[in-house]
Amino acid sequence: MKPLDADTLLAWFDAHGRHDLPWQHPRTPYRVWISEIMLQQTQVNTVIPYFERFMQRFPDVHSLAAAAQDEVLALWSGLGYYARARNLHRAARHIVERHDGRFPTTLEAWLALPGIGRSTAGAILAQAFDQRQPILDGNVRRVLARYHTIDGWPGDRAVQDRLWQRAEAAMPHRRIADYTQAIMDLGATVCTRQPDCTRCPLAEGCRAHATGHPQAWPGRKPRKALPVRRTAMLILRDADGRILFERRPPAGIWGGLWSLPECPVNESVPRHCRERLGVCVDHLSAGATFRHTFSHFHLDIVPVHGRIDDAPALREGGTHVLSPPDEPPGGLPTPVRRLLRQP
DNA sequence: AATGCGGGGCA
DNA sequence: TGCCCAGCATT
């Protein structure tokens, strides 16, 4: 099978690709690394403001390694998949402690860092070090699955293996950093879910385009109906208007973030607060239920407002704190931020 | 409401 | 090695 033509793609990139992304100027290993982690599961336009704020606060790997996890998560708050931020922070410490603050230049060394898989490692080496390494992110997967009409869901091992083979075969021997950005840009701007083949430089050799139904690739993940869980989120204010925040466990959903105390919907809120939080609540009122959807379940959230004592006997050191709603003690999950914005 | 988006961790 | 897990934006 004929690989796609890298020269044609590079010519398109020179004329129509994205050359003004923040991590391209300057294109340092640190900036490329941070951007690649943020770009896992998250689109470019969403990432840009987070990237700018992150660079302001943590301009290099040393400042990141020296930071408290709370501060890293606070800057990540709203981006989702918070394990990325925890792994990024661990990786920064790893680089400072074991690589003397210098970035690795081999695939193996990057893969040894938490949060770095084959595609991310390839993207960093190609873009920051101009090494000839393939990548296979969602954009590239879409382009290659269509160009070669590779059937099946890319999550399947066999399908993934075929895509990696194509990704390797497509790499040019020069301008690898530009090529890597080019094929991602094509997937992000032209070969999207509803592709615009009239603007595609590769349409001529694309087998999916030839079928007239390019949107049929890549195959979709087989989906089940998501279960629904319910919880009450407690917005408990003291006399000064401060809110009771609760730190979530270090892993799992919203791991390491600050959130609101929760109460199972079939339990009495006052009793739950007394027994689990050690506070007395009154003036309870429920708000409108809203839905937050995770990848594998819906969470229906009932906001419950209440008043608590001036000096609650908070249990467990460090897991609970009273703070003004606009000055949370750390990063908050998106539904909690939304809850505190519109009381 | 459905879809897309990489990698970690565990059996 | 094959599952299960995770949080947003976009459509």
Side-chain angles (χ1 to χ4, degrees), chain A residues 33-51 73 75-91 94 107 110-124 133-146 152-161 163-164 167 184 187-189 191-196 215-229 231 248-259 290-301 331-339:
Chain A
W33 169 46
I34 302 296
S35 73
E36 284 301 325
I37 302 301
M38 289 186 169
L39 288 165
Q40 291 171 0
Q41 314 290 13
T42 312
Q43 300 219 337
V44 164
N45 285 335
T46 305
V47 161
I48 287 173
Y50 286 88
F51 179 82
L73 285 174
L75 281 173
W76 209 271
S77 171
L79 265 183
Y81 283 96
Y82 299 95
R84 292 185 292 172
R86 299 195 302 270
N87 285 332
L88 184 73
H89 192 208
R90 286 172 52 206
H94 184 117
L107 193 65
W110 276 104
L111 288 173
L113 296 173
I116 307 276
R118 184 176 173 189
S119 185
T120 303
I124 294 169
Q133 299 282 355
I135 67 159
L136 193 61
D137 75 347
N139 293 312
V140 177
R141 224 173 0 245
R142 204 163 43 248
V143 170
L144 294 176
R146 285 176 177 162
W153 174 53
D156 285 345
R157 185 51 187 269
V159 177
Q160 200 177 113
D161 287 349
L163 287 166
W164 273 111
M184 288 193 293
T189 63
C191 197
T192 56
R193 199 136 71 90
Q194 296 299 327
D196 183 357
Q215 356 36 307
W217 288 269
R220 303 255 159 84
K221 176 189 173 75
R223 272 185 197 277
K224 316 167 191 174
L226 302 184
V228 178
R229 298 185 203 170
T231 190
R248 301 205 36 108
I253 290 170
W254 300 329
L257 270 70
W258 287 81
S259 185
F290 65 98
R291 175 164 288 188
H292 182 79
T293 301
F294 292 91
S295 32
H296 56 300
F297 64 93
H298 298 292
L299 184 62
D300 283 349
I301 299 171
L332 303 178
T334 292
V336 173
R337 291 208 288 185
R338 168 180 162 182
L339 213 46

Using 0.5 Å steps for rounding, measure from the [atom1] atom of [X] to the [atom2] atom of [Y].
X	Y	atom1	atom2	value
A:Phe51	A:Thr42	CZ	OG1	14.0 Å
A:Arg248	A:Leu257	CZ	CG	8.5 Å
A:Tyr50	A:Leu39	OH	CG	13.5 Å
A:Leu339	A:Phe290	CG	CZ	4.5 Å

Under 3.5 Å donor-acceptor pair, A:Gln40 side-chain atoms to B:dG7 base atoms: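 Per atom types, no contact qualifies.
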OP1 or OP2 of C:dT11 under 4.0 Å from side-chain N/O of A:Arg193: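 For A:Arg193, the contact criterion (side-chain N or O under 4.0 Å from OP1 or OP2 of C:dT11) is not met.
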Atom-pair distance ([atom1] on [X]; [atom2] on [N]), nearest Å:
X	N	atom1	atom2	value
A:Trp110	B:dG7	CH2	C1'	15 Å
A:Ile34	B:dG6	CD1	P	17 Å
A:Arg84	C:dC5	CZ	P	19 Å
A:Tyr81	B:dC5	OH	P	12 Å
A:Arg220	B:dA2	CZ	P	13 Å
A:Leu39	B:dC5	CG	P	13 Å
A:Met38	B:dC5	CE	C1'	16 Å
A:Gln215	B:dG4	CD	C1'	16 Å

Which of these nucleotides, [options], is closest to any side-chain atom of [X]?
X	options	value
A:His292	C:dG7, B:dC5, C:dA6	C:dG7
A:Arg141	C:dC8, B:dG6, C:dA6	B:dG6
A:Thr120	B:dG7, C:dG7, C:dT10	B:dG7
A:Thr334	B:dC5, C:dC8, B:dT3	C:dC8
A:Tyr82	C:dC8, B:dC5, C:dA6	C:dC8
A:Arg157	C:dG2, B:dG6, B:dG4	C:dG2
A:Pro335	B:dA1, C:dA9, C:dC8	C:dC8

When we call it a touch if two heavy atoms are under 4.0 Å apart, what does [X] touch: a base, just sugar-phosphate, or nothing?
X	answer
A:Asp137	sugar-phosphate
A:Gly78	sugar-phosphate
A:Arg86	nothing
A:Leu79	nothing

If we take the C1' atom in both B:dG6 and C:dT11, what is their distance in whole Å?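 Comparing C1' positions in B:dG6 and C:dT11 gives a spacing of 22 Å.
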When the P atoms of B:dA11 and C:dA6 are considered, how many whole Å apart are they?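 The same atom, P, in both gives a distance of 16 Å.
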Could you tell me whether the side chain of A:Arg142 and the main chain of A:Cys191 form a donor-acceptor pair under 3.5 Å?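 Present.
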Test your reading of the model: is there a side-chain donor-acceptor pair from A:Arg84 to the backbone of A:Gly115, 3.5 Å cut-off?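 Not a single qualifying donor-acceptor pair exists.
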Closest nucleotide of DNA chain B for A:Pro114 versus for A:Gln41: which of these residues is on the 5' side?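 It is A:Gln41 whose nearest nucleotide is closer to the 5' end.
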